[in-house]
Novice: 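One structure coming up, written as structure tokens, with questions to follow.
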Amino acid sequence: MGTEIIGKAYEPRDTEDKWYQYWEKNGLFKAREGDGNDSFCIVIPPPNVTGTLHIGHALDNTLQDILIRYKRMQGINTLWQPGTDHAGIATQNVVERDLADKGTNRHAVGREKFIDLVWEWRKKYGGLILNQLRRLGCSCDWSRERFTMDEGLSRAVREVFVTLYEEGLIYRGDYIINWCPRCHTALADLEVEHREVEGHLYHLRYLFESGKGHVTIATTRPETLLGDTAVAVNPEDERYKGLAGRRLILPVLHRPIPLISDDYVDTTFGTGALKITPAHDPNDFEIGKTHELEIINVIDENGIMTEQAGPYQGMDRFECRRKILDDLQQADLVEKIETYQHAVGHCYRCKTVIEPLISKQWFVKVAPLAEKASQAVKDGRTKIFPSNWESVYFDWMSNIKDWCVSRQIWWGHRIPAWYCQDCQEVIVARETPQSCGSCSGTRMVQETDVLDTWFSSALWPFSTLGWPEETKELTTFYPTSVLVTGFDILFFWVARMMMMGLHFMGDVPFKEVYIHALVRDGEGKKMSKSKGNVIDPLEIMDRFGTDAFRFTLAALAAQGRDIKLSEERIVGYRNFVNKIWNAARLILMNLDGEPETDDDKRVYTLADKWIVTRLSQVSEEAAQALDAYQFNEAAGTCYQFVWHEFCDWYLEMVKLSLYGEDEILRESSRATMLETFKAALKLLHPFMPFVTEEIWQKLPGTDQSIMISPFPKASDTQTDEAALADMELLIGIITGIRNIRGEMNIGPGKKVDVLVDVSSEKEAAVLLDNMDHIKTLAKAGEVTLASGAEKPKASATAVFGQNQIHVLLKGLLDFEEEKKRLSKKIKKIEKEVGISRNKLANKGFLKKAPPEVVEEVRGKAEALSLKLEKLEKNLQFFEVIND
RNA sequence: AGGCACGUAGCUCAGGGGGAGAGCACUACCCUGACACGGUAGGGGUCAAGAGUUCAAAUCUCUUCGUGCCUACCA
């Protein structure tokens with residue numbers, strides 16, 4: 001009679017691709033034309049075009065998809081804006097590696113041709129990660145896909161750059177910057193990774209020019225001494241009192257340099273004397289500025305010593321370090337060498353040791369922008385979840401330094417500045433200038449630097465919606481609703497979007513930010529290729545199915561804690577998917593098309609009323625959890641409900657009606673069962689889109705996709721308090737019998753007779769109504785209800801509420817075992833009663849605790865005392881028999 | 001050096017002032033007509049240690065010890 005027979009186990013492979021294509025073809029991911037108020041929008045953190053889906057993406061995008069699907073099912077006009085980031089350095093590196101394999105390099109190829117090659121590369125491979133997002137089930141509006149190097153977005157970049165320049169918030173100047181000698185570009189401070197390195201602290205002697213005495217300095221980088229233009233001491237330092245102003249002889253090069261005083265110098269570190277190399281250390285650069293020291297570049301852009309390095313010219317910086325140490329030792333200028341742990345800056349892209357260099361770069365003056373961005377979070381215009389990230393955000397915003405935005409690479413937005421070759425005028429303009437505004441010359445050369453990739457990312461929330469045009473998308477979806485991302489790019493990206501959004505749109509880019517944790521391996525270690533502990537999301541999806549994977553991520557995504565992902569967890573949720581599948585199997589086997597029910601003929605059993613009430617409550621809880629980004633709560637609530645309430649109790653009970661003779665009851669139960677199951681599928685859909693759609697489409701009465709069916713709502717009319725209480729009693733009695741069976745080791749084939757000593761008529765009525773359920777679910781034979789009945793001799797007893805459940809075990813009951821069992825229960829209850837009684841004996845408690853709490857404890861104590869009394873009586877019963 | 005988290009069952013973690021929870025693992029009995037990727041029952045915790053606040057602390061405060069992470073120009 002089944003509508004359709006489905007297999008015993010769910011096979012994800014067969015369904016995922018099919019439904020994804022169905023959704024996309026039918027335009028179900030598309031945002032509607034802007035209709036003003038009720039909209040929900042997320043802009044995707046654009047993955048690098050070079051990227052492949054890793055576990056972090058999987059978590060990030062699963063959470064976003066859950067929110068998007070949930071909101072869409074609530075009927076809200078939903079946009080999930082997808083796209084990719086051109087990822088300047090990363091992408092350039094990839095293509096350069098290709099060239100290297102072919103035995104050439106970008107300089108040989110030339111700038112224009114190289115950029116063509118990158119575009120080619122991106123056309124070929126740039127969509128890879130987006131297809132992997134499809135695999136994950138992401139319901140992005142792909143018709144609006146954007147790329148940070150698109151025409152439109154590039155226009156936004158130029159507009160922003162020029163405007164900031166005109167406002168005096170962008171300037172160009174010679175500063176010390178972080179230089180990556182391998183990537184050949186400047187990096188922002190943020191792009192430098194500090195890593196603890198085992199190094200050395202070298203104590204070196206600088207002799208006085210007078211020939212008498214010396215000053216010992218401590219340094220970790222002896223090779224930079226070639227560029228020293230002073231040695232500094234603290235003016236308060238007794239050791240060097242009166243020496244400032246004297247001249248020292250720079251070792252090796254024999255150049256005279258002054259001994260100066262500056263209170264920046266820490267008297268407690270090293271020898272209290274600090275060598276100053278303005279060209280190769282950011283602090284020294286600052287000191288050099290205040291003391292107007294000469295700047296001598298001794299290391300070039302390749303990390304090679306310059307001609308200023310004299311005899312060391314042409315050496316690699318690290319080779320030079322070794323050589324110079326040798327020479328110093330020869331000259332007896334090395335006092336001692338200590339091993340020393342210190343942080344060394346590395347390029348975040350290629351891990352090469354950063355070289356601080358002085359060069360001409362473009363900077364954004366961020367202080368005024370940061371001020372506004374900080375304020376917006378203080379005002380609550382943007383809320384950050386979990387809120388402890390707000391203080392981290394404020395901290396960074398208040399200590400922020402100017403942002404170096406120029407990069408000496410080729411792949412990226414070329415800075416819209418032109419230099420007049422005739423008069424050296426700098427022209428910053430939206431369009432390529434035809435002639436110099438100053439001298440009318442026409443020999444204009446564009447700046448060769450490109451912008452930091454994060455510059456265009458900072459505009460993402462409005463550039464993707466069409467800015468600088470005034471588009472319908474902007475009015476509909478800006479500010480966007482929520483940004484979902486990991487804390488690792490809070491500064492790189494979130495903070496900068498805040499600054500740019502506020503400055504150019506006059507409003508925050510998003511109303512809320514949800515910061516999720518990092519995914520780690522089972523041992524809590526960060527996953528990395530070098531450690532070999534990476535979990536590949538694609539492989540997981542292959543093995544366990546996308547739904548199981550997504551559900552696992554959601555279930556583990558508790559706020560503020562890293563996720564330790566282990567395979568066992570995924571297996572557990574794979575089993576859950578299969579459980580749902582088999583619930584569907586049972587339901588389909590018991591349906592014959594759509595149930596035919598007349599509203600006036602519809603009957604509801606206790607189980608029906610109960611499950612409908614629970615569904616309503618669970619819908620409410622799930623929605624509340626999702627609204628608060630408590631993904632784990634939402635997932636857990638649904639899991640518990642579907643498995644342990646719907647499957648374990650409801651489906652077991654509904655079988656009675658399904659297999660019964662009563663036709664009206666059968667059709668009614670079919671209808672309730674189907675309705676409830678459909679609602680449960682809808683609750684689960686945001687978490688597990690594929691299996692829910694697959695089942696949904698097989699159920700009768702579903703003509704459109706589950707992804708656009710309304711998300712279940714809580715309803716007061718569906719809350720039946722009496723059904724909850726009655727069901728609790730029924731479950732209690734059945735569990736009581738099962739408990740005895742289990743502990744007495746009575747096999748499921750053996751039926752037992754039961755005598756229930758009921759404490760009230762009302763309860764008796766409930767049990768009488770559901771007698772068949774007790775018999776089936778507890779495998780009971782005769783069940784007798786009586787009030788005040790005498791305990792049968794060979795019976796084991798459980799107590800639920802004030803009801804005594806005597807399970808008759810003639811010939812099966814080991815009296816000693818039963819005594820032990822009862823004693824154990826008594827001990828447990830005694831402990832509980834003790835706690836309650838102690839509380840009630842405490843005068844402070846009675847006086848100061850809220851009355852309802854006192855009442856509760858009093859009620860509890862009473863109920864437990866009665867229960868204890870009954871258990872003790874049963875125990876005494878056996879004592880008597882023994883005598 | 002500062003900052004932020006976190007120490008709860010064997011493991012992985014929820015919870016967050018009024019009687020300790022889940023999943024996995026474990027034990028026992030079951031292939032009962034949706035599901036052995038399953039069912040029923042069971043064992044297991046001084047909620048890191050110490051002090052304080054409170055009628056009441058796993059939960060709030062402080063200290064200590066451990067573990068992660070982030071930021072930082074100490075050469």
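Per chain, numbering begins at 1; letters A, B, ... match sequence-line order.
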Novice: For B:C24 and B:A9, measure between their C1' atoms and round to the nearest Å.
Specialist: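 Their C1' atoms lie roughly 12 Å apart.
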Novice: By a strict heavy-atom criterion of less than 4.0 Å, which residues belonging to residues 569-578 of chain A are in contact with RNA chain B?
Specialist: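 The answer is A:Arg569, A:Arg574, A:Asn575, A:Asn578.
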Novice: Which part of the nucleic acid, if any, lies within reach of A:Lys655 when heavy atoms closer than 4.0 Å are counted: base, sugar-phosphate only, or nothing?
Specialist: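 The residue A:Lys655 makes base contact.
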Novice: Roughly how many Å apart are B:C69 and B:C30, using the C1' atom of each and rounding to a whole number?
Specialist: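 Nearest-Å result for B:C30 against B:C69 at atom C1': 48 Å.
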Novice: Do A:Arg858 and A:Glu855 sit within salt-bridge range, that is, some charged N less than 4.0 Å from a carboxylate O?
Specialist: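 Here A:Arg858 pairs with A:Glu855 in a salt bridge, since their nearest N and O are under 4.0 Å apart.
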Novice: Check every strand shown and say whether A:Glu390 touches a base, only sugar-phosphate, or nothing at a heavy-atom separation below 4.0 Å.
Specialist: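 Contact class for A:Glu390: none.
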Novice: Checking contacts here: which listed nucleotide (B:C69, B:G39, B:G18) is nearest the side-chain heavy atoms of A:Phe487?
Specialist: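 Ranking B:C69, B:G39, B:G18 by closest atom to the A:Phe487 side chain puts B:C69 first.
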Novice: Among B:G38, B:A41, B:C73, which is the nearest nucleotide to the side chain of A:Lys401?
Specialist: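 The answer is B:C73, which lies nearest to the side chain.
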Novice: Need one value for A:Asp266: base, sugar-phosphate or nothing, where a base atom within 4.0 Å counts as base even if backbone is also close, heavy atoms only.
Specialist: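 Base contact.
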Novice: Which part of the nucleic acid does A:Asp648 contact within heavy-atom distance under 4.0 Å: base, sugar-phosphate only, or nothing?
Specialist: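 Result for A:Asp648 = sugar-phosphate.
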Novice: Please state the P separation for the pair B:C55 and B:G50 - nearest whole angstrom.
Specialist: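 So the two P atoms sit 23 Å from each other.
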Novice: If only side-chain N and O atoms count, and only distance matters, is there a donor-acceptor pair under 3.5 Å linking A:Glu193 with A:Tyr348?
Specialist: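 A:Tyr348 vs A:Glu193: no donor-acceptor pair found between side chains.
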Novice: Heavy atoms only, 4.0 Å cut-off, all strands: where does A:Lys860 land among base, sugar-phosphate and nothing?
Specialist: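 Contact class for A:Lys860: base.
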Novice: Across the strands shown, which category fits A:Ser391 at heavy-atom distances under 4.0 angstrom: base, sugar-phosphate, nothing?
Specialist: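 Since no nucleic acid heavy atom lies under 4.0 Å of A:Ser391, the category is nothing.
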Novice: Of the candidate nucleotides B:A34, B:G18, B:G23, which contains the atom at the shortest distance from the side chain of A:Val853?
Specialist: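 Side chain of A:Val853 sits closest to B:G18.
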Novice: Base, sugar-phosphate, or nothing: which does A:Lys847 touch, judged by heavy atoms less than 4.0 Å apart?
Specialist: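 Nothing, no nucleic acid heavy atom in range.
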Novice: By the 4.0 Å heavy-atom rule, please label A:Tyr340 as base, sugar-phosphate, or nothing.
Specialist: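 Sugar-phosphate, no base atom in range.
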Novice: Which nucleotide in the set B:U32, B:A75, B:C35 lies at the smallest distance from any side-chain heavy atom of A:Asn582?
Specialist: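 Within the option list, the nearest is B:C35.
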Novice: So A:Tyr639 and A:Tyr573, ring pair (Phe, Tyr, Trp, His ring centres under 6.0 Å) or not? Walk me through it.
Specialist: CA-CA 9 Å; A:Tyr639 178 94; A:Tyr573 292 113; 5.6 Å; yes
Novice: In whole Å, measure the gap between the P atoms of B:C6 and B:U40 for me.
Specialist: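 Comparing P positions in B:C6 and B:U40 gives a spacing of 35 Å.
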Novice: Does the A:Glu694 side chain pair with the main chain of A:Thr15, one donor and one acceptor, at a distance under 3.5 Å?
Specialist: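 A pair under 3.5 Å: no.
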Novice: Ignoring hydrogens and angles, does a donor from either the side chain of A:Lys8 or the base of B:C35 sit under 3.5 Å from an acceptor on the other?
Specialist: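 Answer is no: no donor-acceptor pair is held.
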Novice: Checking all strands, does A:Val392 fall into the base, sugar-phosphate, or nothing category for heavy-atom contacts under 4.0 angstrom?
Specialist: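 Since no nucleic acid heavy atom lies under 4.0 Å of A:Val392, the category is nothing.
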Novice: Reckon A:Asn739 has a side-chain N or O less than 4.0 Å from the OP1 or OP2 of B:G42?
Specialist: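 Result: yes.
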Novice: So, A:His773 versus A:Glu652: side-chain donor-acceptor pair below 3.5 Å or not?
Specialist: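 No - no donor-acceptor pair under 3.5 Å links their side chains.
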Novice: Determine the contact category for A:Glu832: base if any of its heavy atoms lies under 4.0 Å from a base atom, sugar-phosphate if only primed atoms, P, OP1 or OP2 are that close, otherwise nothing.
Specialist: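 Contact class for A:Glu832: base.
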Novice: Categorize A:Leu777 for me: base, sugar-phosphate, or nothing, with a 4.0 angstrom heavy-atom threshold over every strand shown.
Specialist: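 It contacts nothing in the nucleic acid.
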Novice: Classify the nucleic acid contact of A:His644 as base, sugar-phosphate or nothing, counting any heavy atom under 4.0 Å across all strands shown.
Specialist: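 A:His644: backbone/sugar contact only, no base atoms under 4.0 Å.
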Novice: Using the C1' atoms only, state how far B:A22 lies from B:U61, rounded to an integer number of Å.
Specialist: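 The same atom, C1', in both gives a distance of 30 Å.
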Novice: Salt bridge check, A:Arg317 against A:Glu223: does any charged N sit closer than 4.0 Å to a carboxylate O?
Specialist: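 Judged by the 4.0 Å cut-off on N to carboxylate O distance, A:Glu223 and A:Arg317 do not form a salt bridge.
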Novice: Just need the stems in RNA chain B: three or more back-to-back Watson-Crick or G-U pairs, each with both distances under 3.5 angstrom, sorted by first number.
Specialist: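 RNA chain B stems, ordered by first number: B:1-7 with B:65-71, B:10-13 with B:21-24, B:26-30 with B:38-42, B:48-52 with B:60-64.
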Novice: With no hydrogens and no angle check, do the side chains of A:Asn842 and A:Asn838 hold a donor and an acceptor under 3.5 Å apart?
Specialist: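 Side-chain D/A pair, A:Asn842 to A:Asn838: absent.
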Novice: Remember a base hit wins even if backbone is also touched, and classify A:Val265 as base, sugar-phosphate or nothing at under 4.0 Å, heavy atoms.
Specialist: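 A:Val265: base contact, heavy atoms under 4.0 Å.
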Novice: What integer number of Å spans the P atoms of B:A48 and B:G33?
Specialist: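 Approximately 46 Å lies between the P atom of B:A48 and that of B:G33.
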Novice: Which nucleotide in the set B:A75, B:C37, B:U32 lies at the smallest distance from any side-chain heavy atom of A:Thr219?
Specialist: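 Of all the options, the side chain of A:Thr219 is nearest to B:A75.
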Novice: Look at the aromatic rings of A:Phe491 and A:Trp396 and report parallel, tilted or perpendicular, splitting at 30° and 60°.
Specialist: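 It falls in the parallel class, under 30°.
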Novice: State whether A:Lys860 and A:Glu832 are salt-bridged, where the test is any N-O pair (Lys NZ or Arg NE/NH1/NH2 against Asp/Glu carboxylate O) under 4.0 Å.
Specialist: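 Salt bridge absent between A:Lys860 and A:Glu832.
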Novice: Hey, which of A:Lys820, A:Arg738, A:Lys825 is the one that makes salt bridge (Lys or Arg N to Asp or Glu O under 4.0 Å) with A:Glu743?
Specialist: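 Exactly one option meets the salt bridge (Lys or Arg N to Asp or Glu O under 4.0 Å) with A:Glu743, and it is A:Lys825.
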Novice: Once side-chain contact (heavy atoms from CB on, under 4.5 Å) is applied, do any residues pair with A:Lys867, and if so which ones, sequence neighbours excluded?
Specialist: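 side-chain contact (heavy atoms from CB on, under 4.5 Å) check on A:Lys867 returns A:Val799, A:Ile829, A:Leu871.
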Novice: Which of these nucleotides, B:G33, B:A41, B:C4, is closest to any side-chain atom of A:Tyr659?
Specialist: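 Nucleotide nearest to A:Tyr659's side chain: B:G33.
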